[in-house]
Novice: 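Questions regarding the structure given below will be posed in turn.
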Amino acid sequence: MVEHMKINAPDFILKISPYRPGKPLEELEREYGISNSIKLASNENPLGPSPKAAAAMAAAIQNLHRYPDGSGYYLVRKLAEKLKVSWERLVLGNGSDDVIGLLTRAFLVPGDEAVMPVPAFLMYEIFVRSVGAAPVMVPLRNHGIDLEAMLEKITDKTRMVFLTQPNNPTGTAISKADFEKFLKLAPPNLMIIVDEAYIEFMRDPQGLESLAYIDKDDRVVTLRTFSKAYGLAGIRIGYGVMAAEIAKILQRIRQPFNANSLAQVAAVAALDDQAFLQKTIAVVHQGLDFLYAEMQRLHIPFHPSQANFFMIDLGRPADEVFEKMLLQGVIVRSMSSYGYPTCIRVSVGLPEENVRFVQALEKVLAMAGT
Ligand SMILES: *Cc1c(COP(=O)(O)O)cnc(C)c1O
């Protein structure tokens with residue numbers, strides 16, 4: 001900052017390390033002199049957006065001179081019907097990220113604490129710090145969220161806890177039984193936020209779906225998104241399901257147009273596109289099974305995943321593997337900044353993309369120096 005700058009942000013803001021967005025694909029390709037690269041780095045839907053959603057958006061472009069429907073009337077009612085919850089429990093967001101921001105702004109003040117797993121989705125920490133509250137980080141155990149350790153970290157300053165189901169980046173799932181134990185032992189004033197960005201991909205029948213607890217327990221807040229299984233990450237639409245009283249508070253501070261008009265029509269159409277959803281889930285599950293078998297063939301340790309990505313341990317610096325994979329035109333995510341210096345996370349792609357990933361990986365692992 002220049003010397004005479006008198007405008008200062010509070011210390012708690014300056015403590016936030018900025019989210020570092022990846023470079024655009026085109027930029028990476030130019031930099032590395034590659035083309036036809038495939039991106040298996042951000043857990044996006046390899047099939048693209050739901051075709052019904054795409055058609056609905058194309059039609060809605062004609063109305064872009066109008067402000068969006070600030071109540072999200074059709075989407076909220078459609079979700080309420082599909083999820084079998086009262087519409088008053090729903091809050092839409094500009095992605096589910098936005099709902100996390102609303103929850104932290106409405107319910108945390110400086111000095112409060114929020115307990116979260118580490119490594120985890122970076123936005124929990126960023127939003128908690130941005131209101132001057134303190135994140136309390138609880139390491140994973142056996143790559144899964146450690147509910148017992150999280151309970152131990154709860155103090156009289158703790159206002160909320162973040163759980164990711166299934167977990168990113170490890171792909172583990174919390175069981176219903178463990179969650180029920182947690183509910184019994186957690187204090188009555190604790191907001192329990194369950195981020196279910198990947199819930200559609202969960203295969204474990206014992207796995208928790210937190211919506212089942214919403215009616216019985218006012219502490220539970222479920223977050224869902226259209227970014228992954230519905231293929232709508234770019235248009236930004238997600239939602240939270242919660243006690244109607246909590247929803248009412250979020251409505252007070254929500255920007256009236258935080259769910260834009262294309263996002264609203266896209267989400268409504270995507271909910272009607274069950275064929276696309278089923279196809280997405282099948283592509284992901286078949287892709288994971290293929291990739292597991294290939295990892296076994298290559299003797300590479302991996303963690304079975306309940307999401308649309310998985311993590312593998314290459315026993316060598318992940319950042320170097322990432323660079324070399326990139327030169328092969330395959331973009332994955334190094335987990336070094338997440339505390340797994342030898343792991344990469346790979347999003348499941350189309351069958352031919354998964355094959356390309358395996359071929360590139362074999363090549364890279366055969367190179368000297370990695
Ligand atoms: C991708 C992802 C989300 C989705 O965020 P949106 O803002 O809805 O796109 C939320 N939580 C986790 C853990 C994710 O990985």
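We number each residue from 1, following the sequence as shown. Start at 1 and go down the list; that is how both ligands and their atoms are numbered.
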Novice: Evaluate the side chain to side chain donor-acceptor pair (under 3.5 Å) criterion for residues Asn94 and Asn258: first the C-alpha distance (whole Å), next the side-chain angles of each, then the deciding distance (0.1 Å), finally the verdict.
Specialist: CA-CA 5 Å; Asn94 184 39; Asn258 67 334; over 6 Å; no
Novice: Does Asn308 have any side chain to side chain donor-acceptor pair (under 3.5 Å) partners at least two apart in sequence or in another chain, and if so, which?
Specialist: none
Novice: Compute the centroid of each ring, for Phe162 and then for Phe121, and state whether the two points are separated by less than 6.0 Å.
Specialist: no
Novice: For Thr164, counting its heavy atoms only, list the atoms of ligand 1 lying under 4.0 Å from any of them.
Specialist: 13 (C)
Novice: Among all protein heavy atoms, pick the one closest to atom 11 (N) of ligand 1 and tell me residue, atom and distance.
Specialist: Asp195 OD2, 2.6 Å
Novice: Have a look at Ser227, Ala307, Ser96 and point out the one with the heavy atom closest to atom 9 (O) of ligand 1.
Specialist: Ser227
Novice: Can you report which non-hydrogen protein atom sits closest to atom 7 (O) of ligand 1, along with the distance?
Specialist: Arg236 NH2, 2.6 Å
Novice: Within the structure, is a non-hydrogen atom of Asn168 found at a distance of less than 4.0 Å from ligand 1?
Specialist: yes
Novice: If you measure from the Lys or Arg side-chain nitrogens to the Asp or Glu carboxylate oxygens, is any gap between Arg203 and Asp289 under 4.0 Å?
Specialist: yes
Novice: Give the atom numbers and elements of ligand 1 that come within less than 4.0 Å of a heavy atom of Ala197.
Specialist: 2 (C), 3 (C), 10 (C), 11 (N), 12 (C), 14 (C)
Novice: Taking the hydrophobic residues Ile, Leu, Val, Met, Phe, Trp and Tyr, and joining any pair whose side-chain heavy atoms are under 4.5 Å apart, which ones share a cluster with Phe276?
Specialist: Leu47, Val283, Leu350
Novice: Find out whether the Lys NZ or Arg CZ of Lys216 is both under 6.0 angstrom from the six-membered ring centre of Tyr213 and within 45° of the ring's axis.
Specialist: yes
Novice: Answer yes or no on whether Arg345 is positioned over the face of Phe309, meaning its NZ or CZ is under 6.0 Å from the six-membered ring centre and within 45° of the axis.
Specialist: yes
Novice: Should you measure from each heavy atom of Gly95, which atoms of ligand 1 turn up under 4.0 Å away?
Specialist: 6 (P), 7 (O), 8 (O)
Novice: Please list, in number order, the atoms of ligand 1 under 4.0 Å from a heavy atom of Lys228.
Specialist: 1 (C), 2 (C), 3 (C), 4 (C), 14 (C), 15 (O)
Novice: For ligand 1, is there an N or O atom under 3.5 Å from any N or O atom of Tyr198?
Specialist: yes
